[in-house]
Amino acid sequence: MSLFKARDWWSTSVGEAEEFGSGCLCVANIDNGSDGLDKIVTGSYQGILRVYNPRPTKQEDGWSGYRPEDVLLESSLPNPILQVEAGVFASGSDLLHLAVLHSRKLAVYSVSVMPGAVDHGRQYQLKKTYEHSLQRAAFNFCYGPFGSVRGKDFICVQSMDGTVSIFEQESFSFSRFLPGALLPGPIKYIPKLDSFVTASSSWQLECYKYQVLAVATDSKTKEESQSMKSGKRVNYDWCFNIGEQAVDIFVTQFQQNAPQTILVLGEKNIFCLTETGKLKFMKKMECDPSCFLPYASVSDGGVNYLVGSHTKSLMVYQDCTLKWAAKLDIVPMQVCVGTFSDLKGVIVTLSDAGRLECSYLGTDPALFIPPTTDARELNYPDMDREMAMLQKKIKQLANKSAIVPSVKQEDDLQISCQVNSSLDEPSVAVDMEYEDADGVPSITVRIQLKARLLLENIKVIVHVDYPLASSLQTFDVSDVDPSRPSEHFVSFFVQGRGLPTTLTANVSANYISASGAPRVAVGRVKLPIKLVVKPVLPVKNAEFKLTLDSNKPPANLLEIFTDLAGENAGGQGAALGFQYFGGPIVTILASKTSQRYRLQCDKLEGLWLVTKEVVGRLNNHFNKGKTAAYSIYFSSQLPLQEYFDLIDSHFEHRLNAKRCSEMLAQRASQFRAIQRRLLTRFKDKTPAPLGNLDTLLEGTYRQLLHLADAVEDNNKSQDLAANSLNCGTRLFNLLIRLWTSMSDDEFKVLQQTIAPIVPSSQEQGWEESVDASVTHLLRTTLAKSAKDQTLNPQPLQMPEDTTKVKKHIALMCDKLGKGARLVEGMPTNTAVNMAPSQRKEKKNKISATSKTVMENGHIDTSDDTETLIGSQFGKQKHKRKEADSLSYPNGMSELPALGLPVENQPDEGLEFHKKKQIEAMVPDLDDMADHMEGPGLVPLED
């Protein structure tokens with residue numbers, strides 16, 4: 001950081017919303033005034049050419065700054081201006097002219113002064129002297145006395161393809177290709193050597209003699225030369241590798257008969273070379289330079305130069321030594337030095353946004369000096385009391401969960417989402433994976449983006465969990481004005497065959513804040529349940545039943561579900577039926593004699609979303625405007641065995657995927673081995689029989705295709721099993737919360753321990769992650785004594801079976817049922833199984849779960865723990881329907897459920913049966929010996 005700031009002498013903003021780059025600034029006596037003062041010439045990419053003559057006056061509070069009469073000339077040219085330079089470009093005149101480079105044209109202008117009449121003053125005019133049309137897109141140009149001419153300046157234009165074209169004032173001379181040109185770079189003329197130095201795309205400096213370029217021609221006429229497509233190859237005189245992209249080049253000679261110096265500005269370094277390409281010194285910059293300018297030489301062989309950086313700093317160097325540094329208000333894209341109003345050495349800088357500043361170096365401190373504080377004597381007893389009070393507050397706040405301040409800084413962008421009250425007519429649901437007789441509905445959500453200030457290039461992402469889908473997943477917003485919010489409409493619908501896990505959709509917007517930092521704004525959409533279910537007649541019998549107790553008489557279900565009455569409208573409100581689109585039917589029953597509600601469905605996972613909706617709507621209905629607290633709880637046995645069936649089903653798919661991958665790798669290795677054998681036979685000069693290797697190759701290829709289809713089908717089935725496990729886990733956690741009357745903090749811990757999110761990764765799956773989380777709780781928060789709290793974490797790897805995870809979940813539920821807490825410091829829970837009428841639940845003592853799990857994985861039989869393993873679901877005569885179980889195509893039938901484990905050991909007979917089922921999917925080549933046509937060879941039939 002620099003200590004001093006550059007002192008402002010004159011400044012202005014050039015135009016409005018115009019862009020500038022390197023080469024768009026020139027300081028010279030362009031009007032050839034007799035006073036010899038310089039003028040400032042700017043040209044923008046919008047084609048506006050301006051000439052300024054700064055003439056501020058000294059006042060008491062500083063300089064007067066910019067005045068309208070400082071603009072001498074302003075002209076609009078038809079094409080963007082790439083570069084402006086001043087030189088002797090007209091024949092028959094030694095006056096300075098202005099060369100302006102466009103993309104397809106090179107024009108030379110003269111700036112003349114006409115004396116005004118009466119009080120109008122002098123007028124400046126821009127007259128075109130001549131122009132050249134370019135056959136190629138121009139990049140930049142340099143000028144000088146090419147060929148050692150005197151009193152004239154010729155122009156060399158470099159094109160985007162690396163071609164240089166020489167113009168001898170009004171006439172075109174020749175064009176040449178530079179060897180190896182890929183991207184153009186800065187180019188300058190060395191008068192003493194009559195050579196050009198340029199930076200190539202291979203990050204090296206190359207020097208070319210003017211005479212070498214002039215004689216390397218194959219064209220007979222100049223017209224052919226400018227539009228040439230080939231030519232003799234020219235060789236550089238010398239080259240020097242700088243190892244980075246060159247930003248700018250300057251050739252300096254401040255003293256007569258002194259050797260010329262070549263200065264190169266790189267992306268991180270400054271190089272100084274002699275005219276013959278020898279390195280004199282190199283300076284590594286600590287910041288990213290944007291421009292530089294050599295301006296003087298105060299010692300023999302030394303050079304002084306200015307360097308502007310992207311950190312808004314201007315540094316003065318003498319060779320490698322930093323002599324001065326000053327802060328600027330802009331990032332300079334080009335810097336020049338000129339003489340104005342008898343003030344020499346004025347530094348002129350131009351930014352890419354058109355801020356033009358004339359400044360000089362001074363000693364105005366830019367640092368804030370804090371005021372001195374009054375010294376006071378230290379009172380140590382008061383400091384001790386204050387420290388004790390602060391420590392007490394810190395300890396109190398540490399016990400609270402919300403230790404982060406709730407005050408949130410206002411974001412630059414806010415997202416508000418409003419769901420339409422009615423479903424779309426007609427529906428916009430597309431690409432459905434199932435069919436429904438009543439059609440699949442959709443609902444439209446209005447997404448509104450509000451900004452505190454102007455924001456541009458906003459990318460909005462809409463995310464919703466499977467099986468829900470949206471009409472738009474991503475869309476771009478060009479800009480959001482604070483006075484005009486941006487509105488967009490997105491439709492949601494059920495697209496997949498699975499059951500919805502949540503009705504919440506997330507809308508995120510990525511944008512760049514005013515400070516230049518990337519930010520993300522998030523909005524949430526709560527979709528209505530009528531989007532995923534439709535009202536149907538209740539079903540009397542179902543496989544899975546769930547009973548909820550409350551402390552108040554049952555409400556009329558038609559008043560609770562006014563938006564889903566449908567075919568049940570006009571009834572007594574004691575029974576309702578809902579059917580998932582493409583899924584099972586859920587029935588809700590309200591008891592007439594007791595304070596209970598029953599939910600039943602043919603699938604356990606189908607109860608989740610409706611149960612959550614029933615609990616939420618009942619709480620809102622009874623707690624609205626009433627002082628008496630309403631509570632709803634679950635007092636039956638937890639559906640452990642039914643939940644474990646979902647875990648087993650998902651784990652079996654993971655095992656199948658692993659086994660199929662291993663078989664696929666084995667068949668692929670066999671396929672490559674057969675290919676090598678065949679290649680060896682074909683390369684053999686002596687023809688030999690193939691020995692049915694081609695038939696074996698074809699058979700292995702078919703097996704590979706068969707296995708690939710099996711893997712793909714298993715992946716689809718695994719996704720559906722993961723979706724079912726997600727719903728079942730959410731329902732299981734909700735029942736535990738209602739069963740134990742958990743607090744919000746405890747429920748957060750439970751959700752993080754038995755996570756409902758089921759990852760699709762094979763390396764770190766759901767079973768081992770949940771097992772590790774539950775085991776950690778059993779060894780820490782739920783441990784009975786200090787000896788049980790020894791931590792010895794096991795590596796996260798895919799288990800052989802689900803015995804451990806099911807055993808640990810059952811043990812955790814047992815401890816929660818006995819009053820254990822998931823958050824340390826809370827009293828023992830005495831509100832477990834608190835029903836209005838005390839009903840005794842049957843407890844089954846099972847050897848596997850009545851044992852305490854220790855850290856090293858063995859079982860301690862010293863504790864007779866009784867666990868609620870039975871389930872009211874198990875009392876039903878119906879079992880899980882075969883039609884609801886996931887089946888595998890290509891002969892992959894569902895494997896039998898593992899059930900509740902009896903020992904912590906895998907069943908070898910069952911494992912052997914599973915392995916045989918997988919291997920039976922694809923026939924082994926060795927089993928087809930009956931069709932052999934040669935020794936060990938198998939011809940496959942279609």
Side-chain angles (χ1 to χ4, degrees), residues 394-404 633-634 637-640 643-644 647 729-757 764 766-796 799 802-834 843 846 848-869 904:
I394 293 174
K395 188 175 181 180
Q396 292 176 354
L397 293 175
N399 295 330
K400 298 181 180 180
S401 59
I403 60 175
V404 180
Y633 40 86
F634 177 74
Q637 295 174 339
L638 291 175
L640 281 173
Y643 178 56
F644 290 163
I647 298 177
T729 303
R730 293 178 186 271
L731 176 65
F732 187 70
N733 291 342
L734 177 62
L735 294 181
I736 293 179
R737 181 177 189 177
L738 299 177
W739 180 45
T740 60
S741 301
M742 276 188 178
S743 63
D744 293 339
D745 295 339
E746 288 183 286
F747 188 65
K748 289 181 181 178
V749 176
L750 180 64
Q751 288 280 74
Q752 295 171 358
T753 304
I754 307 179
I757 305 300
Q764 184 173 336
W766 184 87
E767 287 78 11
E768 51 266 33
S769 301
V770 171
D771 185 28
S773 303
V774 175
T775 305
H776 180 77
L777 270 185
L778 294 175
R779 295 171 182 173
T780 54
T781 308
L782 299 179
K784 294 187 301 182
S785 59
K787 69 174 185 177
D788 297 337
Q789 295 185 359
T790 305
L791 294 177
N792 186 17
Q794 300 294 327
L796 285 178
T802 58
T803 303
K804 287 186 178 180
V805 61
K806 294 189 294 186
K807 187 185 303 180
H808 293 164
I809 292 176
L811 185 57
M812 184 191 71
C813 294
D814 173 63
K815 291 182 177 292
L816 292 177
K818 292 182 177 179
R821 294 284 194 174
L822 294 180
V823 177
E824 294 182 355
M826 299 183 67
T828 303
N829 189 3
T830 60
V832 181
N833 285 336
M834 294 298 294
K843 296 183 178 181
I846 297 181
T849 56
S850 63
K851 303 172 184 180
T852 304
V853 180
M854 301 302 290
E855 300 76 40
N856 54 9
H858 72 275
I859 300 176
D860 184 6
T861 59
S862 61
D863 183 19
D864 294 335
T865 304
E866 292 184 355
T867 307
L868 290 172
I869 298 300
N904 192 11

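Side chains included, hydrogens not; waters and symmetry mates left out as well; all remaining heavy atoms used. The residues of the chain are indexed from 1 along the displayed sequence.
- Of the inter-residue distances, the one linking Arg821 atom CZ with Leu816 atom CG reads 10.0 Å to the nearest 0.5 angstrom.
- Without hydrogens or angle criteria, Thr781 side chain to Leu777 main chain gives no donor-acceptor distance under 3.5 Å.
- Of the possible donor and acceptor atoms, none in the side chain of Trp766 sits under 3.5 Å from a partner among the backbone N and O of Ile647.
- Salt-bridge check for Lys748 with Asp744: failed, with every basic side-chain N at 4.0 Å or more from each acidic carboxylate O.
- Judged by distance alone, the side chains of Thr729 and Tyr643 do bring a donor and an acceptor atom under 3.5 Å apart.
- Taking CD1 of Ile736 as the reference point, atom CG of Leu731 lies at 10.0 Å (rounded to 0.5 Å).
- In terms of heavy atoms, Phe732 sits closest to Cys813 at CZ-SG, 3.6 Å.
- Looking at Leu735 and Pro639, their side chains come closer than 4.5 Å, going by heavy atoms from C-beta outward.
- In this structure the side chain of Thr740 never reaches within 4.5 angstrom of the side chain of Tyr633, judged on heavy atoms.
- Here the NZ-CD distance, from Lys804 to Glu767, works out to 14.0 Å after rounding to the nearest 0.5 Å.
- Inter-residue side-chain proximity for Leu734 and Met742 is flagged as unmet; no heavy-atom pair is nearer than 4.5 Å.
- Here Lys807 contributes atom NZ and Ile809 contributes atom CD1; the two are 13.0 Å apart, rounded to the nearest 0.5 Å.
- Judged as a side-chain hydrogen bond (donor to acceptor under 3.5 Å, both in side chains), and not counting sequence neighbours, the contacts of Gln751 are Asn733.
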Requested in this report: Given side-chain contact (heavy atoms from CB on, under 4.5 Å), test Ile754 with Val774 step by step and report yes or no.
Outcome: CA-CA 7 Å; Ile754 307 179; Val774 175; 4.2 Å; yes

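- Leu750 and Met812 get closest at one heavy-atom pair: CD1-CE, 4.0 Å.
- Contacts of Asp771 classified as side-chain hydrogen bond (donor to acceptor under 3.5 Å, both in side chains), with partners at least two apart in sequence or in another chain: Thr775, His808.
- The shortest distance between side-chain heavy atoms of Gln752 and Leu822 does not fall below 4.5 Å.
- For the pair Glu768 (side chain) and Leu796 (backbone), a donor-acceptor distance under 3.5 Å is absent.
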